Amino acid sequence: MLDIKMIRQKPDFVKEKLAQRNVKPEMIDELLSFDAKRRDLILESETLKAQRNEVSDQIGQLKRNKEDASEAINKMKSVSQQIKDLDDQLREVEEKQTSVAAHLPNIPATEVPVSLTEEGSEELRKVGTPKEFSFQPKEHYEIGENLGILNFERAAKVSGSRFVYYVGDGARLERAVYNFFLDQNNKAGFTEMLTPYMVNEASMYGTGQFPKFKETKAGYEVDDGELSLIPTAEVPLVNYYRDEVIPSEQLPISVTALSPAFRSEAGSAGKDTKGLIRLHQFNKVEMVKITKPEDSWDALEALTHHAEELLQLLGLSYHVITLTTSDMSFTAARTNDLEVWFPAQARYREISSCSNTTDFQARRAHIQYRDDDGKLKFVHTLNGSGLAVGRTVAAILENYQNEDGSVNIPEVLQPYMNGQTIIK
RNA sequence: GGAGAGUUGGCAGAGUGGUAAUGCACCGGACUCGAAAUCCGGCGAACCGAUUAAUAUCGGCGCGCAGGUUCAAAUCCUGUACUCUCCUCCA
């Protein structure tokens, strides 16, 4: 949520910045006109309320003295009716204003590449060199199916498309990967959590999924819409602190959690229909940081570098890009994506997304801290995958495949596989 | 799923229709070389609005949340969330 006072003060700035994210400037004008109307109504209503409070006090006095108060009471009847009418109007305007405001994305940070499409992202660095093969490398799902460690057909029978069974060494490899990630995150100072996988509407709103997520049916709802399956552990991790004032000495907070992520993938029909890349349910180790405003940009750097380290330890080559203004998620002010090399497709694919949402989520979720002057301020929240587990498994299968169809296990994962060095 | 009880300020805790007691904590002052204790005074989150360069002042709101009744609601009515206890069920 953007600060309405800031929008009021700098409407042109907001229009310009949000235009970079495909938001029509008329939306800001509309918002401001609701805001002006709302404040007019508040002023009118509150003037009458002050009057009512005063007269009610007098009525109380008269009643206590056993005197007649019917004149004042009658007068107040019409005033109360006016207040009720004004408050009805006010509620209506407020709803409209909130509805517009809830659809405005975060203001992109200044150094974010401006583009109305995903084209134009900036490559920050390239690490490692794409692996050369002396044979034609296979796609990860082909390797997995051949080895009998991934089964998409059975998953389609049991659930539908975009689901998978990991079998035997496949399941063990997945488990090795996320245990490795969690251990590394612990080492880096993240507190491990296990969270609810179903969350209420307020939580989905707090982290900025709702209302858009609901409107585009991007997720899954259960219990008649009371609860949503989490699309990422970012939701329960950030909302853990919702409606709270965090003691400033506890900042920065770093938490991490493994969870399944549930996504309907509405609108991505035909994309990545095979394999582990795009599923309705996948495992992800998520990292969340909560910082004071002045620390969040350094924290984004650190978060990105930590995610990179995971790939480096796994011996996977990747590059880091900064997403364009319109390619970022709704809540982000800046997003660094890590894309890992997939040899069969000979291209980089997203495996982690690290974002600074500044105070955007904190405003929605009311997460504050008290600064040195004792004033309440909104924290900054950051999130990053560390990492997407399924895609990591896919990357390992492709990058560590041998010509005979077997797959070497990356050295750092071998301890997690009882010393096993190869899947064949 | 069923029955009951509860939810008031940072904490404890009164308040059954007249506009949130009191205590602790906190802030300021007095006393003191200083502190503690004591005394005096203040302070009730957050939020919203008006005036303001700002500090600030005034007003609204505010008793889990949302509605309703009333001139007036912490108090009455309806719905709902959460916590606790019991029953049922379950891992």
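None of these values were measured; they are calculated from a predicted model. We name chains A, B, ... by the order of the sequence lines, and we start the count at 1 in each one.
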key: Among B/rC61, B/rC48, B/rA46, the one nearest A/Asn53 by side-chain distance   = B/rC61
Nucleotide nearest A/Arg91 when distance is taken to its side chain, options B/rG49, B/rG67, B/rU69 = B/rG67
query = How far does the C1' atom of B/rG49 sit from the matching atom of B/rG62, given to the nearest Å?
reply = 15 Å
ask   = Rounding to the closest angstrom, what is the interatomic distance between B/rG6 and B/rU78 at atom P?
value = 15 Å
inquiry  = Counting the atoms with a prime plus P, OP1 and OP2 as sugar-phosphate, which does A/Arg363 contact under 4.0 Å by heavy atoms, base, sugar-phosphate, or nothing?
reply    = nothing
ask   = How many Å lie between CG on A/Leu86 and C1' on B/rG49, as a whole number?
value = 14 Å
key: Result of checking A/Arg363, A/Lys10, A/Arg8 against A/Asp3 for salt bridge (charged side-chain N to carboxylate O under 4.0 Å, His left out)   = A/Arg363
ask   = Picking from B/rG59, B/rC61, B/rU69, which would you name as closest to the side chain of A/Lys49?
value = B/rC61
key: 5' priority, RNA chain B, between A/Ser80 and A/Asp88 [closest heavy atom]   = A/Asp88
query = Base, sugar-phosphate, or nothing: which does A/Asn74 touch, judged by heavy atoms less than 4.0 Å apart?
reply = nothing
query = Do A/Ser353 and A/Ser385 get their side chains close enough for a donor-acceptor pair, meaning under 3.5 Å?
reply = no
task = Report which part of the nucleic acid A/Ile42 touches: base, sugar-phosphate, or nothing (heavy-atom distance under 4.0 Å, all strands).
result = sugar-phosphate
request  = Send over the distance from A/Phe378 CZ to B/rA46 C1', rounded to a whole Å.
outcome  = 10 Å
request  = Scan every strand shown for a Watson-Crick or G-U wobble partner of B/rU75, both distances under 3.5 Å, and answer none if you come up empty.
outcome  = none
task = Could you tell me if the ring centre of A/Phe360 sits under 6.0 Å from that of A/His380?
result = no
inquiry  = Using the P atom as the point on both nucleotides, what is the distance between B/rC24 and B/rC40, in whole Å?
reply    = 12 Å
query = Rounding to the closest angstrom, what is the interatomic distance between B/rA50 and B/rA21 at atom P?
reply = 29 Å
query = Given the P atoms of B/rU8 and B/rC65, what is the spacing between them in whole Å?
reply = 10 Å
request  = Round to a whole Å and report the spacing from CD1 of A/Ile83 to C1' of B/rA72.
outcome  = 11 Å
message = At less than 4.0 Å, is any side-chain N or O atom of A/Lys84 found next to OP1 or OP2 of B/rG67? Yes or no.
response = no
ask   = When you measure from the side chain of A/Arg38, which nucleotide among B/rG59, B/rG18, B/rG49 comes out closest?
value = B/rG49
request  = Calculate the interatomic distance between A/Asp243 atom CG and B/rC82 atom C1'; express it in whole Å.
outcome  = 13 Å
ask   = A/Leu43 side chain: which of B/rG49, B/rC47, B/rG18 is closest?
value = B/rG49
key: Value in whole Å for how far the C1' atom of B/rA45 lies from CD of A/Glu244   = 15 Å
ask   = How about A/Phe163 and A/Phe152: are their ring centres within less than 6.0 Å of each other?
value = no
message = Heavy atoms from C-beta onward define the side chain here; which of B/rG18, B/rG49, B/rG59 lies closest to that of A/Ala50?
response = B/rG59
inquiry  = Salt bridge or not between A/Lys284 and A/Glu286? Use side-chain N to carboxylate O under 4.0 Å.
reply    = yes
inquiry  = Less than 4.0 angstrom from a charged side-chain N to a carboxylate O is my criterion; do A/Asp88 and A/Lys84 meet it?
reply    = no
query = Rounding to the closest angstrom, what is the interatomic distance between B/rA25 and B/rA45 at atom C1'?
reply = 14 Å
ask   = With distance as the sole criterion, is a donor-acceptor pair present between the side chains of A/Ser355 and A/Arg334 under 3.5 Å?
value = no
ask   = Closest to the A/Ser56 side chain: B/rA72, B/rG49, B/rG59?
value = B/rA72
key: Whole-Å distance separating the CD atom of A/Glu46 from the C1' atom of B/rC47   = 11 Å
Under 4.0 angstrom between A/Arg39 side-chain N/O and B/rA50 OP1 or OP2 = yes
query = For the side chain of A/Lys5, counting heavy atoms from C-beta on, which of B/rG59, B/rG49, B/rC47 is nearest?
reply = B/rG49
Separation of the C1' atoms in B/rG64 and B/rA74, to the nearest angstrom = 12 Å
query = Which nucleotide, in any strand shown, forms a Watson-Crick or G-U wobble pair with B/rU51, with both distances under 3.5 Å?
reply = B/rA56
request  = Please determine, for B/rA5, whether a Watson-Crick or G-U wobble partner exists with both distances under 3.5 Å, and give it or none.
outcome  = B/rU83
request  = Quickly work out the A/Gln82 CD to B/rA72 P distance and round it to whole Å.
outcome  = 13 Å
inquiry  = Counting only Watson-Crick pairs (N1-N3 plus N6-O4 or O6-N4) and G-U wobbles (N1-O2, O6-N3), all under 3.5 Å, who is the partner of B/rG17?
reply    = none
message = Consider side chain to side chain contact (heavy atoms under 4.5 Å, CB included). Of A/Val177, A/Asp183, A/Leu173, which one does A/Tyr416 pass it with?
response = A/Asp183
task = Quote, to the nearest angstrom, the C1' distance that separates B/rC31 from B/rA36.
result = 12 Å
task = Could you say whether A/Arg8 or A/Leu376 is positioned toward the 5' end of RNA chain B, judged by the nucleotide with the nearest heavy atom to each?
result = A/Leu376
note = pair_partner(B/rU22), Watson-Crick or wobble, both distances < 3.5 Å, evaluates to B/rA12
message = Under a 3.5 Å cut-off for both contacts, is B/rA36 paired Watson-Crick or G-U wobble with anything, and if yes, with which nucleotide?
response = none
ask   = Heavy atoms under 4.0 Å, any strand shown: does A/Ala72 hit a base, just sugar-phosphate, or nothing?
value = nothing
key: Length of the CG-P vector between A/Asn200 and B/rU80, whole Å   = 17 Å
